[in-house]
Amino acid sequence: MSVSVYHFSPTGSTKQIALAFGRALDQNASFVDLAAPGIHGGSRPIPDPDENETSLALFAVPVFAGRVPAPAIEAIERLDGKGVVAASAVVYGNRDFDDALIELNDVLTRQGFAIIASGAFVARHSMLPSVAAKRPDASDLEDVSKFARLVAEKAAAKDALSTPDVPGNRPYKEASGAAWVPTVSDDCILCGICAAQCPVEAIPRSAPNTTEAGCFQCMRCVAVCPKDARSLPAPVAAMISEKLGPVAGVRKPNQMWV
Ligand SMILES: Cc1cc2nc3c(=O)[nH]c(=O)nc-3n(C[C@H](O)[C@H](O)[C@H](O)COP(=O)(O)O)c2cc1C
Ligand code: SF4
Ligand code: SF4
């Protein structure tokens with residue numbers, strides 16, 4: 001089976017899950033990074049999936065405010081699904097995935113993919129990494145392998161390729177209107193790492209201690225800064241701590257619909 005894995009992963013957890021899925025089925029799986037700098041501006045092409053008979057695609061995206069991040073939707077909208085059989089996965093920070101999975105399945109279906117299975121997996125919360133801190137862990141990655149096997153079995157039974165019903169509502173939750181950007185402290189050494197890695201090029205290379213409009217609060221710059229100079233603004237950190245308090249000590253299970 002030839003597997004193409006498309007992932008959008010600002011801080012790496014979604015990618016971990018995507019890699020585990022791909023490798024469980026195909027040692028030569030191809031991986032496409034939908035959050036790579038240049039994808040968003042259109043200067044990097046995105047390869048369409050291979051439409052041969054045994055092809056399978058996986059799409060893995062994180063959940064932001066109960067939705068799929070807009071730049072991930074925009075990247076998927078550039079693809080031609082050509083009827084390729086696909087599975088979808090959302091990765092969320094132990095609160096909830098709300099309408100993200102149904103939204104992901106809707107956009108993939110519109111682009112011409114045949115969705116046969118979906119999953120919702122838990123990972124470290126990228127805004128408050130103490131929540132679900134060590135996830136995905138070994139047990140989560142076993143769940144991902146199990147999901148991959150179930151998807152492959154279903155794909156092989158070519159006459160029963162139904163799309164599963166997944167939780168979520170239409171119309172979707174309103175997208176977050178939050179306008180904050182990461183705070184930059186005096187520890188910034190202007191190294192430019194954050195500017196080079198921002199998926200939407202919202203950090204000017206000439207002034208990487210600033211952030212422009214277009215930032216979608218993905219936390220990549222906070223995660224990659226070698227000086228820990230970028231962080232959540234204090235009021236946002238306080239708000240998110242309060243919101244996640246009730247789920248901080250709960251281990252939410254991964255879920256699959258096949
Ligand atoms: C702006 C933003 C909003 C988020 N919203 C949610 C949410 O609604 N529910 C949730 O459980 N986790 C939420 N998270 C946590 C991420 O979904 C989770 O940490 C995910 O694993 C991040 O994937 P990544 O490591 O591939 O970037 C949010 C994270 C960010 C940065
Ligand atoms: S990665 Fe950190 S230190 Fe480097 S330019 Fe960005 S904020 Fe400054
Ligand atoms: S500036 Fe915004 S969009 Fe760019 S990496 Fe930082 S948080 Fe993400």
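One-based numbering, in listed order, for ligands and for the atoms of each. Residues: numbered from 1 along the sequence shown. Heavy atoms only: backbone and side chains are in, while hydrogens, waters and symmetry mates are out.
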**Request:** Specify whether an N/O/S atom of Cys198 falls short of 2.8 Å from atom 6 (Fe) of ligand 3.
**Result:** no
**Request:** From the options Ala229, Cys194, Ala196, select the one whose nearest heavy atom is closest to atom 1 (S) of ligand 2.
**Result:** Cys194
**Request:** Answer yes or no: is there a side-chain heavy-atom contact under 4.5 Å between Arg220 and Pro37?
**Result:** yes
**Asked** Counting heavy atoms only, which of Lys252, Lys243, His7, Gln217 comes nearest to atom 1 (C) of ligand 1?
**Response** Gln217
**Request:** Give the numbers and elements of all ligand 1 atoms closer than 4.0 Å to a heavy atom of Ala65.
**Result:** 3 (C), 4 (C), 5 (N), 6 (C), 7 (C), 8 (O)
**Message:** Between ligand 1 and Asp98, is the shortest N or O to N or O distance under 3.5 Å?
**Reply:** no
**Item:** Where ligand 2 meets Cys225 - atom numbers and elements under 4.0 angstrom, heavy-atom basis
**Value:** 1 (S), 2 (Fe), 3 (S), 7 (S)
**Item:** Structural part of Met127 in contact with ligand 1, heavy atom criterion under 4.0 angstrom
**Value:** side chain
**Prompt:** Of all the atoms in ligand 3, which lie at a distance below 4.0 Å from a heavy atom belonging to Val200?
**Reply:** 3 (S)
**Request:** Please test His40 against Glu74 for side-chain hydrogen bond (donor to acceptor under 3.5 Å, both in side chains), starting from the C-alpha separation and ending with a verdict.
**Result:** CA-CA 8 Å; His40 181 69; Glu74 285 164 28; 3.3 Å; yes
**Asked** For atom 16 (C) of ligand 1, which protein heavy atom lies nearest, and how many Å away is it?
**Response** Val63 O, 3.6 Å
**Prompt:** Looking only at distance, does Met219 have an N or O less than 3.5 Å from an N or O of ligand 1?
**Reply:** no
**Item:** Region of Val222 engaging ligand 3 - heavy atom pairs below 4.0 Å
**Value:** neither
**Request:** State plainly whether the residues Arg251 and Asp137 are in salt-bridge range, i.e. N to O under 4.0 Å.
**Result:** yes
**Asked** Are any of the N/O atoms in Thr14 less than 3.5 Å from those in ligand 1?
**Response** yes
**Item:** Sub-4.0 Å atoms of ligand 1 with respect to non-hydrogen atoms of Val91
**Value:** 17 (O), 20 (C), 21 (O)
**Fill in**
Any heavy atom of Val181 under 4.0 Å from ligand 3? The part involved is neither
**Prompt:** Do any of the N/O/S atoms of Cys215, backbone or side chain, fall under 2.8 Å from atom 8 (Fe) of ligand 3?
**Reply:** no
**Prompt:** Would you say Cys218 has an N, O or S atom lying under 2.8 Å from atom 4 (Fe) of ligand 3?
**Reply:** no
**Request:** Using a strict 4.0 Å cut-off to heavy atoms of Pro182, name the atoms of ligand 3 that fall inside it.
**Result:** 7 (S)
**Request:** May I ask you to say whether Glu77 pairs ionically with Arg110, meaning some side-chain N is under 4.0 Å from a carboxylate O?
**Result:** yes
**Message:** One pair to check against side-chain contact (heavy atoms from CB on, under 4.5 Å): Ser162 and Lys154. What are the steps and the verdict?
**Reply:** CA-CA 9 Å; Ser162 55; Lys154 183 165 176 184; 3.4 Å; yes
**Request:** Within a distance under 4.0 Å of any heavy atom of Thr211, pick out the atoms of ligand 3 and give their elements.
**Result:** 1 (S)
**Message:** I'd like to know if Arg135 pairs up with Asp140 as an ion pair, taking the criterion as any Lys NZ or Arg NE/NH1/NH2 lying under 4.0 Å from an Asp or Glu carboxylate oxygen.
**Reply:** yes
**Request:** First locate atom CZ of Arg67, then atom CD1 of Ile102, and finally report the distance between them rounded to the nearest 0.5 Å.
**Result:** 11.5 Å
**Request:** Number the atoms of ligand 1 from 1 as they appear, then name those within less than 4.0 Å of a heavy atom of Arg95, with their elements.
**Result:** 7 (C), 8 (O), 9 (N), 10 (C), 11 (O)
**Item:** Which of the ligand 1 atoms, numbered from 1, are nearer than 4.0 Å to a heavy atom of Ser9
**Value:** 24 (P), 26 (O), 27 (O)
**Request:** Please identify which atoms of ligand 1 are closer than 4.0 Å to at least one heavy atom of Asn94.
**Result:** 11 (O)
**Request:** Could you check atom 3 (S) of ligand 2 against the protein and tell me its nearest heavy-atom contact, residue, atom and distance included?
**Result:** Ile189 N, 3.4 Å
**Message:** I'd like to check whether Thr11 has a polar contact with ligand 1, where a contact means an N/O of the residue lying under 3.5 Å from an N/O of the ligand.
**Reply:** yes
**Prompt:** Is it true that atom NZ of Lys146 has more than 12 heavy atoms of other residues, nucleotides or ligands lying nearer than 6.0 Å?
**Reply:** no
**Fill in**
Of all heavy-atom pairs linking Phe21 and Ala148, the shortest is CE1-CA, 3.5 Å
**Asked** Can an N or O of Phe216 be found at a distance shorter than 3.5 Å from an N or O of ligand 1?
**Response** no
**Prompt:** Can Asp98 and Arg95 be counted as an ion pair, charged N to O under 4.0 angstrom?
**Reply:** yes
**Message:** Suppose I only count heavy atoms of Pro208 and a 4.0 Å limit; which atoms of ligand 2 are within that range?
**Reply:** 5 (S)
**Item:** Interatomic distance, Asn52 atom CG to Ser2 atom OG [nearest 0.5 angstrom]
**Value:** 5.0 Å
**Fill in**
ligand 2 atoms nearer than 4.0 angstrom to some heavy atom of Pro226 are 1 (S)
**Side-chain donor-acceptor contact under 3.5 Å, Arg230 with Thr211** = yes
**Item:** Leu108 and Ser88: CA distance, side-chain angles, deciding distance, side-chain contact (heavy atoms from CB on, under 4.5 Å) verdict
**Value:** CA-CA 9 Å; Leu108 290 170; Ser88 57; 4.0 Å; yes
**Item:** Ligand-residue contact atoms, ligand 1 with Gly12, heavy atoms, under 4.0 Å
**Value:** 24 (P), 25 (O), 26 (O)
**Item:** atom 4 (Fe) of ligand 2: the protein heavy-atom neighbour that sits closest, reported with distance to 0.1 Å
**Value:** Cys191 SG, 2.3 Å
**Prompt:** Are any of the side-chain nitrogens in Asp106 or Arg170 under 4.0 Å away from the carboxylate oxygens of its partner?
**Reply:** yes
**Message:** Geometry only, no angles: is Pro62 polar-contacting ligand 1 at N/O separations under 3.5 Å?
**Reply:** no
**Asked** After noting the C-alpha distance and the side-chain angles of Trp180 and Leu232, does the key distance pass the side-chain contact (heavy atoms from CB on, under 4.5 Å) rule?
**Response** CA-CA 9 Å; Trp180 58 267; Leu232 284 184; 3.4 Å; yes
**Message:** Please confirm whether Pro10 approaches ligand 3 to less than 4.0 Å, judged on its heavy atoms.
**Reply:** no
**Part of Val224 with heavy atoms under 4.0 Å of ligand 2, whether side chain, backbone, both or neither** = neither
**Request:** Just let me know how Ser126 lines up against ligand 1, side chain, backbone, both or neither, with a heavy-atom cut-off below 4.0 Å.
**Result:** both
**Item:** Least distance between heavy atoms, Val68 atom then Ala100 atom
**Value:** CG2-O, 3.3 Å
**Item:** Side chain, backbone, both or neither: Arg124 near ligand 1, heavy atoms under 4.0 Å
**Value:** backbone
**Request:** For ligand 3, note which part of Met219 has a heavy atom under 4.0 Å away: side chain, backbone, both or neither.
**Result:** backbone
**Message:** Checking a contact table here: which protein heavy atom is nearest atom 8 (Fe) of ligand 2, and how many Å away?
**Reply:** Cys188 SG, 2.4 Å
**Request:** Check whether any N or O atom of Phe8, backbone or side chain, sits under 3.5 Å from an N or O atom of ligand 1, and answer yes or no.
**Result:** no
**Fill in**
Quick note on ligand 1: atoms under 4.0 Å from a heavy atom of Pro10 include exactly 26 (O), 27 (O)
**Asked** Passes side-chain hydrogen bond (donor to acceptor under 3.5 Å, both in side chains), Asp50 versus Ser4? Steps please.
**Response** CA-CA 8 Å; Asp50 176 2; Ser4 305; over 6 Å; no
**Complete:** Note: ligand 1 atoms sitting under 4.0 Å from heavy atoms of Ala123 are 21 (O)
**Asked** So, Asn105 versus Ser118: side-chain donor-acceptor pair below 3.5 Å or not?
**Response** yes
**Asked** Can you tell me if Cys221 has a non-hydrogen atom under 4.0 Å from ligand 2?
**Response** no
